[in-house]
Amino acid sequence: MNPATPVRVRFAPSPTGFLHVGGARTALFNWLWARHTGGVLVLRIEDTDAERSTEEMIRGILDGLEWLGIDWDEGPHYQSRHGDRHREAAASLVRSGSAYACFCTVEELAAEREAAIARKESYVYSGRCRRLDASESARRVADGEPHTIRFAVPAGETAWEDVVHGRTSFENRTIGDFIVVRSDGAPVYNLAVTVDDLDMRITHVVRGDDHISNTPKQILIYRALGVEPPVFAHVPLILGPDKSKLSKRHGAVAVTAYRDQGYLSDAFVNFLALLGWSAGDDREVMTRAELVEAFTLERITGKSAVFDVEKLEWLNGQHLSRLSGAELAAVARPWFTRAGVASDEEIEARGEWFEDLIALVKTRSRTLHDLVEQGRPFFPGPVEYQADAVEKFWKDPVAADEALTVAQQYAAAEDRWGELEAMEARLRALADERGVPAGKVMQSLRVALTGQRVSPGIFETMAAMGREVVDERLAAARAWLAARATDGRTS
RNA sequence: GGCCCCAUCGUCUAGUGGCCUAGGACGUAGCCCUCUCAAGGCUAAAACACGGGUUCGAAUCCCGUUGGGGCCA
């Protein structure tokens, strides 16, 4: 391959209705390589004549790609529309003697296979029809006798220099004369892929390891067609926690499920890139631009990788925290409205406040979902006292109420609202005066204000909530505690 | 079963013959910070599957075994 040839890669999913994690990573690697080299990414939907793609079936894939920010330069092309080209190529293979018509019936082939099994040999087609006289073969085809077209695999071995695995080779006799066109005229996968890749002038085929055994067949076709095959890079598979191929059993398969769970596109892309690839230095948290800049096919590992959700969560938290309040607010806003925390108008009316709020809670959140739960109490309205918070800080309702009394007195007297340090100093002084530990007051206050056991610093919380909300929440909390104390019951 | 791929801490990985008493990250444990929880900082436990070679010297090269995975049947 001429090194000056501009890179052309392709992502060729079958229209399964969604983009799964493995496919997403393959797409990503192709995209990264195209962007890194300034090349072209072609999108091709690998439907077949048998199962033509419907709008609905490809939408899932396009949705996934869109969320990941993977854009393509050509396509989508549809494999099913190139059937004529595939058959044309098959015909030319027959003409050049690289393929032949096979008239063996299903029964005959089954018998061959059984005989092979009985002899404890692995089955490959015997090549019986290959020995047929050319004129006889042509006559039978002309007579309309049902037949497939088989590739005449030559003796020897087929090898290639895989970018990921190094030299990889197959003994041709283990391949056997494979079918390229079925008896109904439908081109077989390996032929279709090869012809399409050829027509689209693909220079690098970057795909999953599960295609390794297809590669020798495709290389054979390329050569028979008189062209040099492209560069192959077989990327190892992504495994589930039990080390088997990632599947539905392991939770979400469609990448959009991760979007819906509150992961950031950038974080997910970063995570996917790190599955089977590394920059070579110690960088892990990387932006899209950094990934594009650092990505090379040579640095892809040959070993399959287990999908580790915990690392994804951590990475997401990292990306979340690195966004500014304003940037994150834009992403988070629909999450708040969808969760019913506030309307779009309400957030719009307090845009700057909302951005500050997001900045306040982001380090405590790993997903957008966390962000909503953290931010929720800052909006007006009643809060729900969560069981774990009550258990931890309001175990004793009387003591809790005592602490809140101090808090209430403090809030009523506070005249430097918003000045964090001054607020803290005053509250501590007042707590001292009343003989109540300041820590108790603050913790009790946290439950009263947020209903949760986790929140930002209590003064930041108060400042962000505003005096009115704080007053309301304190009154409500005291009423709740009083009711519980007379009740004598625990929750 | 045949063919092919793979083999470093639980997980993701760095490592391409000496820089390795094997580095980083997630997770785990502890400490610091501290009004909670995160974040942040520090520390700890934790790996070269096994056996043979090659070499002055192997995580690194070769062979075999074992184990995992994929494709086909």
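What you are looking at is a predicted structure, and each value in this text was computed from that prediction instead of being measured. Residue numbers begin at 1 in each chain, while the letters A, B, ... track the order of the sequences.
Note on A:S365: nothing from the nucleic acid sits closer than 4.0 angstrom, heavy atoms only. As judged by a 4.0 angstrom heavy-atom cut-off over every strand, A:R299 is placed among residues touching the sugar-phosphate backbone only. Within 4.0 Å (heavy atoms only), A:K392 reaches sugar-phosphate atoms of the nucleic acid but no base atom.
Within residues 271-286 of chain A, the residues that have a heavy atom under 4.0 Å from RNA chain B are, in order of number, A:L274, A:L275, A:G276, A:S278, A:G280, A:D282, A:E284. A heavy-atom distance below 4.0 Å to RNA chain B is reached by none of the residues of residues 378-389 of chain A. Within a heavy-atom distance below 4.0 Å of RNA chain B, no residue of residues 288-295 of chain A is found.
A 3.5 Å limit on both hydrogen-bonding distances identifies B:U65 as the Watson-Crick or G-U partner of B:A49.
Taking the P atom of each, B:A14 and B:C61 are spaced 14 Å apart, rounded to whole Å.
Residue pairs meeting the ring-ring contact (aromatic ring centres under 6.0 Å, His included) criterion with at least one partner in residues 310-330 of chain A, sequence neighbours excluded, are absent. Identified under the side-chain hydrogen bond (donor to acceptor under 3.5 Å, both in side chains) test for residues 148-169 of chain A, with sequence neighbours left out: A:E157-A:R167, A:T158-A:N172, A:W160-A:D162, A:D162-A:H234, A:H165-A:D209. The stretch residues 413-423 of chain A participates, sequence neighbours left out, in these side-chain hydrogen bond (donor to acceptor under 3.5 Å, both in side chains) pairs: A:Y410-A:E414, A:D415-A:R426, A:R416-A:E419.
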The contact string for nucleotides 68-73 of chain B, one letter per nucleotide 5' to 3', using protein heavy atoms under 4.0 Å with B, S and - for base, sugar-phosphate only and none, comes out as -SSS-S
Letter by letter from the 5' end, nucleotides 58-64 of chain B scores (B base, S sugar-phosphate only, - none; protein heavy atoms under 4.0 Å) -------
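In this structure, A:V454 and A:T168 both approach RNA chain B, and ranking their closest nucleotides by distance from the 5' end singles out A:T168.
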Identify each atom pair where a protein N or O and an N or O of nucleotides 39-41 of chain B are less than 3.5 Å apart, giving names and distance.
{"residue": "B:G40", "atom": "OP1", "partner": "A:Q318", "partner atom": "NE2", "Å": "3.3"}

All N/O pairs under 3.5 Å across the protein-nucleotides 29-35 of chain B interface:
{"residue": "B:C35", "atom": "OP1", "partner": "A:R428", "partner atom": "NH2", "Å": "2.3"}
{"residue": "B:C35", "atom": "O2'", "partner": "A:Q443", "partner atom": "NE2", "Å": "3.2"}
{"residue": "B:C35", "atom": "O2", "partner": "A:R446", "partner atom": "NH1", "Å": "3.2"}
{"residue": "B:C35", "atom": "O2", "partner": "A:R446", "partner atom": "NH2", "Å": "2.7"}
{"residue": "B:C35", "atom": "N3", "partner": "A:I458", "partner atom": "N", "Å": "3.1"}

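With sequence neighbours excluded, the residues forming a side-chain hydrogen bond (donor to acceptor under 3.5 Å, both in side chains) with A:E108 are A:T105, listed by chain and number. A:F295 pairs by the ring pair (Phe, Tyr, Trp, His ring centres under 6.0 Å) definition with A:F29, A:W277, not counting sequence neighbours.
Distances were taken from every side-chain heavy atom of A:F170 (C-beta onward) to each of B:U11, B:C3, B:C12; the shortest belongs to B:C3. Nearest to the side-chain atoms of A:K311 among the listed nucleotides B:G27, B:G24, B:A14 stands B:G24.
Between A:H165 and the phosphate of B:C4, there is no side-chain N or O to OP1/OP2 separation shorter than 4.0 Å.
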